Every structure is written in C-alpha cells, then in structure tokens.
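These figures come from a predicted structure and were not determined experimentally. By convention here, the first residue in the shown sequence is residue 1.
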Amino acid sequence: MFGKDKKDKSRRRRKDRSKRKKKRGVQDAFDKFIVEEIEIGSVDNYHLESPSPGRHSRSRPRSNWLSIIKFQSIWLGLWALLVVAAIVFRVSLLPDESFILTKAWDSSNAGNMFLSGLDDRSGILIAPLFIWLVQLGWRLFGFVEWWPFILSAVFGLLSLSLVSILAKRLWPLENEVARYAPLLLLGSFVWAIDLVLISSHMAHFFFVSLSVYALILMRDQVRLSWLFFGVAASLAAMTGGLVSFVYTLPVAILGPVWLAREVTAGYWYRKLFYSLLVIIILTSVWLAPVFTNLGLTDFLPTLKNSLQPTPMILFEPNKPGWWYAIILPLMLLPWTLWPLVWMRFSRLYKFNDHGGVGFCFTWVISTVLVLSLFEVKQAYLLIPVLPAIVLFTSYLLLRQDFSAQKDHESPFSSMGFPIILLGGLLAILPNFPKIEVLPDFLWNFSPMVGIGLSVVGITLAWMPVRKMKQQVTNVAIFSLIATVFLIMWAWWQFGHNYQVEKITGVLAKADANGAAIAQVGQYNGQYGYSGRLSHPVQQISKKEINAWIINNPDGLIITGEWMFNPENVPVAPAIVESHYLDKKVIIWSVADIIQAIRDSDKSR
C-alpha cells in the first residue's frame, strides 16, 4: 500500500516537471522572438504591456499615419476651398495676368519659345520657365483658361509641403513645428491671395524654397547637394528673373554665420563654388538664344535692365529705402497680430535652437537689405522670404519648451483682441485722410469689412480653447475664410475695371481680316490673350502715329482719354469707346482717319 502511494507521488512529480519544462520552452521561444524583433529595429513600433488579469493580450503596432493624414487633410481642404472660390468668383484677368498670358500666347503663335524670354517694349528679360509650362499645358489640353490658374495653384500646394520638409530639417525634434508650418503659411493673407493669381510668383516661391532646402542639405553634408542647389537656384532665376539670385546667394555666402560647428568654412565655400559653376552653365542656356537674337550691342543694356526687379502694373514701384521694414510685418498678417508671438520672441534668448533661428534671421535680413538697394520696391518682392518668417513663427508657437509654459492660456495672449482692434480701425479708416506709407486700397474697404473682422475677433476670444495646436488651427481657418470673402468682395467691387470684352471683340474681327493693330503709349498685353489675336499688338508713340497710318491703311489704333484725336489728324468718328483701369479707351479706324483727311482737303 505504501509502495503504491510512493509510486503515485513519483509519477505526479514527473508530470509536473514535464509541464514546467514545456512552459519554460514556450517562454524561451517568446523571449527569443522579442530579441530578434529588437535586432531588426522594429521594437519602436511595439509597446509591450503586462496582460490584464483574466484575459490574454498581444501587443500591437501603434502608428500615427491616420493622425498625419487627418491633419494634412485640413490644410489640403483649405487650399482647395481657396482655389475653388477664386475660380468661381473670378470675372476678369488682372493686368499682370493678362501680360504673362499674352506673352505665352504671342510666342506660341510665333512658334518661337525663346520669344517669351524677351520683352521688346521695355527692354528687359522675362523669366521664361512659367511661360513654357503654360505653353506645355496648352499643347496637352488645348487653349483652356483654367490651366494657367491651376498651374500656379499646384506650385503653391508643392510649396506648402516643402515648407514642412524645411522645418523638419531645421528642427528635427520639433515634429509639431513641421506639421503646422504649412497651415501658418496658408493662413497668411498675402500669400493666400497671391496663390490664386495667374503669375509666376508661386513657381518662383517654390524654387527659391527648394534652393534653400538644398543649402540645408549642404550644411548636413549630403552627397551632391551642391549640384541640387545649383539646379534649384537656376530654375528660380528662370521663373523670377535674374534678381532671383538675391534670395539665394546672400544667405549662401553668409553660410558660416548660421552653419553648424562641424562644417568648416573651407568645405562650405568649395561646395558653393561648384554650385556657382552649375548656375552659370544653366543660366547661359537661357541667355544664349537671347544674345544670338539681339547681338552684343543690344544684349548688354538689356541684361543691365534685367538686374532690376520687374514692378507689378497695379502698384506704385518707387518707395523709400525704409519701406520694407514697415511692410515686412504686414506680410505675415494675421500672425504678427498675435501677442503670444511677440511674448515668446522676447524670451527666445533663453533657449537653444541649434541654428534654425539663426538661419531664418540670416535669410530674411540679408535678402531685405539687398532688395532695399534697388530702385523698384514692391511688397510682392518679399513673398519669397515668407518661408523663413513662417518657419520662425511656427517655431515660436509650437516648440515643446514654450508650450509647456502654458503662457498661451493667458487672456492677454489671445488672438481675439488684436483682430477686434484691427477690424475697428478698418471700419473707421475711410473717414480719415490717407497715409502715404500705407497701401491705398485700405481706404477703399467698406466699413462692413472691418465690422466683419471684429466679429471674427470676438468669436475667437469667446471660444474656450486652451490647447496651443487648436488655437493655431482656428486662427488659420478663420484667416483663410476671411481671405475668401475678401476675394469675393474685391471682384464684386473692382472686377468691372478689368473687363475688356467690348474692346477685344472689335480687335479680334480686325485681326481675323489681317489688319494691323497698334496702341499709342504703354501696352501691357491686356488684349492679346483675351482677344485670341493672331498677331501681337504694336506699341507706338505719339510721334509715330502719322508714319504708322501711312504704312497700315487698314489698321486700327488704340488711344486713351489723353488723346481723343490723333495728333495732326482731322476729327474722325471712333469705332469703340470703353474703359480699362478707370481710363477711357478709344479705338480708331485708320481708313476713317484717311477719309477724314481727304474730306478736310476737299473742303479747303
């Protein structure tokens, strides 16, 4: 009996040892699996937690792709809203838009792509790359009106993504700065309005930003980054003109000011020299055909004139040297109205930013100082440096150390109160005399615009939002919605000043019959593309009228209100009288003028 019990106990012990051994084997296999996962570097995607009592749990990879896509859909949706609104409410082409489209149209009709690189009327070189892209779209899709507009908007979309990439390179540990930088750029009034214009500005903005990104890669000693910079800077010059080098070369030459310590000045300038060789080669490819067409005598003055910025037609080009210092903060509205930005800027010296802030300051200051030396000074020339200001502002608002201080929860740092104040000023500004420094269009606003802006400020002040990221998102959304309403109001208020259908209808019929067309005084291409004219409109002076009439007896002459009757010619009835840019436009038939001369001679 006792022997049987002893055998049973021994049998139970062997079974227990076997179970423990199997359990240990399973644990060893699981431990080995974990070690292997660590070795292949995927442990970051797994968060191992102790299983909850009473149930089996398995660790799952945690990904933030959904949150990234969700956030990017916000600024993508805002971009789409702005583009659609601009397309729907657009009623005409602005003078600068007509000029670039007419240049593309005339060179397409002439069958010479390099004709778009030269403006014979003003003796300057026109950056041809954007025009070439417009012509490429016309070859693919036909002469559709939406293509140039979409082309500019797509370059704006690419720029938004590039700004985020730039922020990630400047501050690798500040993920929120990179995520929200595109939202800050899209929420800037000036940039958002420029986005919906048909111009080379967005393409130029993109290639300048791409050039600066290449400089950051050179700082990080990425292979062939010098070649990247040379190509990007050359493309920027081919979209913004030779003056585009102002935005890229000064900050590159001042590299040792903002470079990391591990990058020597010798290494930097050696790579920069290689980049300059690439720039010279690629720019020569653009300039060589122009040189061939003009010859050395005419090419050198044209090249000299092209080193000056090209002014926009709508704005006064001549401003004092200190004007940029005043207009620069206005370029980043509404963000420069936020007291929190200035509060954090005053404490910036306490934090180490690893060179990112130094780079932004060097880029802006060097560019603005050089631009101040030119005779032409206009606000749009500051748009290519907006990435530096946006990146710096995003850094101030979303750096982790700053956000941890909770200063954004203070009522004195709210965005609502400055917007209320700005809206009140815009509402009463038309009742005061104009100030020379400020833009004239501020006095053209209806008081309802200021009242509406004040309502937006009151809404922002009342919204119980304490999270910094949500505050930034709200301001960007309200800013872009205000921009959409501003675009609607501007087209409703001023759109009729740019309509040329009545004029181009007459010109198109004459052009189809082979008649020559000339305008007395400055011609900015407002009729060529809009009227789909097969031959370019000629520009003549008052002294050339008589000779032009003799050589073109079947032609048409366009004059303005300053000249109701061509010089030294008897009165003849005008074909059409209309208005463009608040000025009278009159079209005369040369045949009627000749008949009036004959009738006058008979009466004598």
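- If you take OG1 on Thr393 and CG on Leu185, they are separated by 10.5 Å, rounding to the nearest 0.5 Å.
- Put simply, the side chain of Leu333 does not reach to within 4.5 Å of the side chain of Val190, judged on heavy atoms.
- Between the side chain of Thr264 and the backbone N or O of Tyr267 there is at least one donor-acceptor pair closer than 3.5 Å.
- Side-chain atoms of Ser159 and Ser209, non-hydrogen and from C-beta on, never get closer than 4.5 Å to each other.
- For the atom pair CH2 (Trp226) and CG (Leu277), the distance works out to 8.5 Å, reported to the nearest 0.5 Å.
- Contact record, Ala325 with Pro329: O-CD, 3.4 Å, taken as the closest heavy-atom pair.
- The ring-ring contact (aromatic ring centres under 6.0 Å, His included) test with His204 singles out one residue from Tyr247, Phe245, Phe130, and that residue is Tyr247.
- Within 6.0 Å of OH on Tyr274 lie no more than 12 heavy atoms contributed by other residues, nucleotides or ligands.
- A donor-acceptor distance shorter than 3.5 angstrom exists from the side chain of Ser152 to the backbone of Leu197, with no hydrogens or angles considered.
- A side-chain donor-acceptor contact under 3.5 Å links Ser366 to the backbone of Trp363.
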task: Go through the steps for Val278 and Phe229 under the test side chain to side chain contact (heavy atoms under 4.5 Å, CB included), then give the verdict.
output: CA-CA 9 Å; Val278 174; Phe229 172 70; over 6 Å; no

- prompt: Where do Leu160 and Trp191 land on the side chain to side chain contact (heavy atoms under 4.5 Å, CB included) test, with the steps shown first?
  reply: CA-CA 11 Å; Leu160 292 173; Trp191 192 87; 3.7 Å; yes

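- The shortest distance between side-chain heavy atoms of Thr367 and Pro384 does not fall below 4.5 Å.
- Counting heavy atoms from C-beta outward, Pro148 and Leu101 have side chains that approach closer than 4.5 Å.
- In this structure a side-chain-to-backbone donor-acceptor pair under 3.5 Å is present from Trp335 to Leu184.
- Side-chain contact between Val134 and Ile100: absent, with no pair of heavy atoms (C-beta onward) separated by less than 4.5 Å.
- Distance OG/Ser372 to CZ/Phe374: 10.0 Å, rounded to 0.5 Å.
- Heavy-atom minimum distance, Gly240 versus Val243: O-CG1, 3.7 Å.
- Distance check: Met218 CE to Leu224 CG gives 11.5 Å after rounding to the nearest 0.5 Å.
- In Tyr269, the OH atom is crowded: over 12 heavy atoms of neighbouring residues, nucleotides or ligands sit closer than 6.0 Å.
- For the pair Thr239 (side chain) and Leu235 (backbone), a donor-acceptor distance under 3.5 Å is present.
- With contacts defined as side-chain heavy-atom distances shorter than 4.5 Å, the pair Phe205/Asp194 does not qualify.
- Nearest approach of Val222 to Ser225, heavy atoms of both residues: O-OG, 2.8 Å.
- Under the 3.5 Å distance criterion, the side-chain polar atoms of Glu176 are left unmatched by any main-chain donor or acceptor of Leu398.
- At least one donor-acceptor pair closer than 3.5 Å links the side chain of Ser275 to the backbone N or O of Lys271.
- Taking both residues in full, the closest heavy atoms of Ala86 and Phe149 are given as CB-CZ, 3.5 Å, listed atom of the first, atom of the second, then distance.
- Remark: the backbone N or O of Leu332 is not paired with any side-chain donor or acceptor of Ser188 at under 3.5 angstrom.
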message: One pair to check against side chain to side chain contact (heavy atoms under 4.5 Å, CB included): Arg169 and Leu217. What are the steps and the verdict?
response: CA-CA 8 Å; Arg169 272 283 176 177; Leu217 295 181; 3.5 Å; yes

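- Note: Trp268 and Trp258 have perpendicular aromatic rings, judged against thresholds of 30 and 60 degrees for the angle between ring planes.
- A 4.5 Å side-chain heavy-atom check between Ile87 and Trp146 finds every atom pair outside the cut-off.
- Considering only heavy atoms from C-beta on, Leu158 stays 4.5 Å or farther from Leu210 through its side chain.
- Taking each heavy atom of Val364 and Val385 in turn, the nearest pair found is CG2-O, 4.2 Å.
- Taken from CG in Asp96 to OG in Ser199, the straight-line distance is 8.0 Å, to the nearest 0.5 Å.
- Note: Ile487 CD1 to Leu195 CG = 8.5 Å, rounded to the nearest 0.5 Å.
- Panel note: side chain Ser211, backbone Thr248; no donor-acceptor pair is recorded below 3.5 Å.
- Looking only at distances, a side-chain donor or acceptor of Thr283 sits under 3.5 Å from a matching main-chain atom of Ile279.
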task: Show your working on side chain to side chain contact (heavy atoms under 4.5 Å, CB included) between Trp79 and Leu480 and close with a plain yes or no.
output: CA-CA 9 Å; Trp79 171 85; Leu480 193 127; over 6 Å; no

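- Ring geometry for Phe206 against Phe155 counts as tilted: the plane angle lies between 30° and 60°, on a 0 to 90° scale.
- Of all the heavy atoms in Thr483 and Ala192, the pair that sits closest is CG2-CB, 3.9 Å.
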